[in-house]
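Each remark here refers to the structure printed beneath this line.
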Protein chains: 2
Amino acid sequence: MTTDGDGRLEAALDLLRARGGRVTSARRAVLSALLEHQEHASAEALAEVVHASHPDVHLSTVYRTLDAFEQLGVVTHVHLGHGRAIYHLTDEIHHHAVCERCGAVVQLPLALFAQLHHRLLDDFGFEVDAHHFALVGRCARCLGGTGATGDRPLATADGEDRRSLARRPASGASP
Amino acid sequence: MTTDGDGRLEAALDLLRARGGRVTSARRAVLSALLEHQEHASAEALAEVVHASHPDVHLSTVYRTLDAFEQLGVVTHVHLGHGRAIYHLTDEIHHHAVCERCGAVVQLPLALFAQLHHRLLDDFGFEVDAHHFALVGRCARCLGGTGATGDRPLATADGEDRRSLARRPASGASP
DNA sequence: CTGGCTGCAAATTATTTGCATAATC
DNA sequence: GATTATGCAAATAATTTGCAGCCAG
């Protein structure tokens with residue numbers, strides 16, 4: 001079977017229309033770019049994809065479109081680092097752990113957070129939507145290679161995120 | 001006993017000096033402001049405190065100073081929302097949960113995250129420094145009042161963070 | 001038609017940086 | 001007296017917004 005991307009696209013557009021919004025080629029293109037995009041997509045990255053077929057869709061329109069779909073609950077954005085936000089479809093929610101050394105992004109199933117979720121709710125009355133921000137740390141690879149299951153080629157960041165978390169290594173190190 | 005703030009201040013300054021840095025009144029003032037500041041302090045908030053006694057310490061100096069101490073491991077910064085970062089001393093590390101409705105910030109002991117920490121390490125080889133980003137959700141108060149321990153006056157945000165997470169309620173609501 | 005989109009440019013916000021001068025070690 | 005810090009202003013970076021025209025419904 002082909003991906004059900006088309007179905008999801010149409011469903012989102014229908015919802016948009018149902019709420020009084022208008023389906024434009026720009027919006028269709030942005031949503032489509034989001035569906036295609038396997039990696040974590042920043043607004044700018046999406047704009048680039050969109051530009052391939054629709055060169056004059058402005059970046060601000062991409063932001064506005066993402067915002068519109070976010071209002072509809074179709075899209076969510078997450079902060080992986082100090083820089084840009086990344087966007088994905090709401091039905092693909094998961095946690096993110098970003099390696100502060102190499103920038104690799106690891107996707108984590110929500111299930112891992114179940115216990116934390118409960119304890120926060122019970123002990124603090126706080127209900128987390130925990131996916132909004134990424135966790136920061138060191139990935140298996142950067143920890144030294146002897147990590148437990150650390151031989152998979154962990155998801156790599158776009159290469160754009162790489163600098164987000166890395167501050168300058170040391171202050172007065174070089175001669 | 002009085003707070004050991006003075007001791008901590010001197011210790012940090014000593015470390016700075018030991019690393020070839022210079023102890024200036026600006027740096028002393030910033031660090032001091034950080035020690036005084038009970039609440040979560042943004043660079044701008046710290047600058048304001050500093051300005052009380054040193055009116056011409058520039059905001060950029062505050063940033064540079066915070067950065068310098070961060071290199072020394074004395075200071076850490078955390079992101080509570082979409083906006084500014086907040087700074088605190090490394091020895092006061094804890095997690096933050098921010099209510100996306102009222103902006104309240106709840107401090108959480110690191111212990112809560114122990115299990116998650118282990119599972120991430122075991123299953124994904126990922127070692128979290130999880131405090132870098134806040135968790136987002138709803139505080140007891142905003143959940144409806146019937147929350148478990150939800151009768152304490154949860155820590156309130158500065159009032160500056162309040163807008164950080166709240167996007168516009170709806171798109172086409174107003175005439 | 002008509003109000004919701006869009007492109008564009010300009011505004012914001014948070015933070016960083018180049019440079020000449022001032023202060024510390 | 002040699003560096004390191006500072007103030008200032010100007011540069012970034014990511015995102016937002018005002019406005020006049022365009023387009024879907």
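Note on naming: letters A, B, ... go to the chains in the order of the sequence lines (proteins, then strands), and numbering restarts at 1 for each one. No hydrogens, no waters, no symmetry mates; every other heavy atom, side chains included, goes into these values.
- Taking atom CG of B:Asp56 as the reference point, atom P of C:dA23 lies 10 Å away to the nearest angstrom.
- One atom, CG of B:Asp67, and another, P of C:dT16, lie 6 Å apart when rounded to the nearest Å.
- Contact annotation for B:Ala85: backbone-only contact, meaning every heavy-atom pair under 4.0 Å involves sugar-phosphate atoms and none involves a base.
- Taking atom CZ of A:Phe69 as the reference point, atom P of C:dC5 lies 10 Å away to the nearest angstrom.
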Practice prompt. For nucleotides 18-25 of chain D, just jot down a letter per nucleotide in 5' to 3' order: B, S or -, based on protein non-hydrogen atoms under 4.0 Å.
Written response: B-----BS
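- Atom CZ of B:Arg28 is separated from atom P of C:dC25 by 9 Å (rounded to the nearest Å).
- As rounded to whole Å, 13 Å separates atom P of C:dA14 from atom NE2 of B:His82.
- Phosphate contact (OP1/OP2 of C:dT15, side-chain N/O of B:Tyr63, threshold under 4.0 Å): present.
- Spacing between atom NE2 of B:His54 and atom C1' of D:dT6 amounts to 14 Å, rounded to whole angstrom units.
- As rounded to whole Å, 13 Å separates atom C1' of C:dT16 from atom NE2 of B:His77.
- Taking the charged nitrogens against the carboxylate oxygens, B:Arg119 and B:Asp122 have no contact shorter than 4.0 Å, which rules out a salt bridge.
- Residues meeting the salt bridge (Lys or Arg N to Asp or Glu O under 4.0 Å) test with A:Asp91, sequence neighbours left out: A:Arg8.
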Can I get a per-line list of side-chain donor-acceptor pairs under 3.5 Å for residues 26-34 of chain A, giving both atom names and the distance, sequence neighbours left out?
unit_1  : atom_1 : unit_2  : atom_2 : d
A:Arg27 : NH1    : A:Arg22 : O      : 3.2
A:Arg28 : NH1    : A:Glu10 : OE2    : 3.3

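- Take B:Arg138 and apply the salt bridge (Lys or Arg N to Asp or Glu O under 4.0 Å) test, not counting sequence neighbours, and it matches B:Glu100.
- Rounding to whole angstrom units, CG of residue B:Leu66 and P of D:dT6 are separated by 11 Å.
- For the side chain to side chain contact (heavy atoms under 4.5 Å, CB included) test, residues two or more places apart in sequence or in another chain that qualify with B:His51 are B:Ala47.
- Every residue meeting the ring-ring contact (aromatic ring centres under 6.0 Å, His included) condition with B:His94, not counting sequence neighbours, appears here in chain and number order: B:His88, B:His96.
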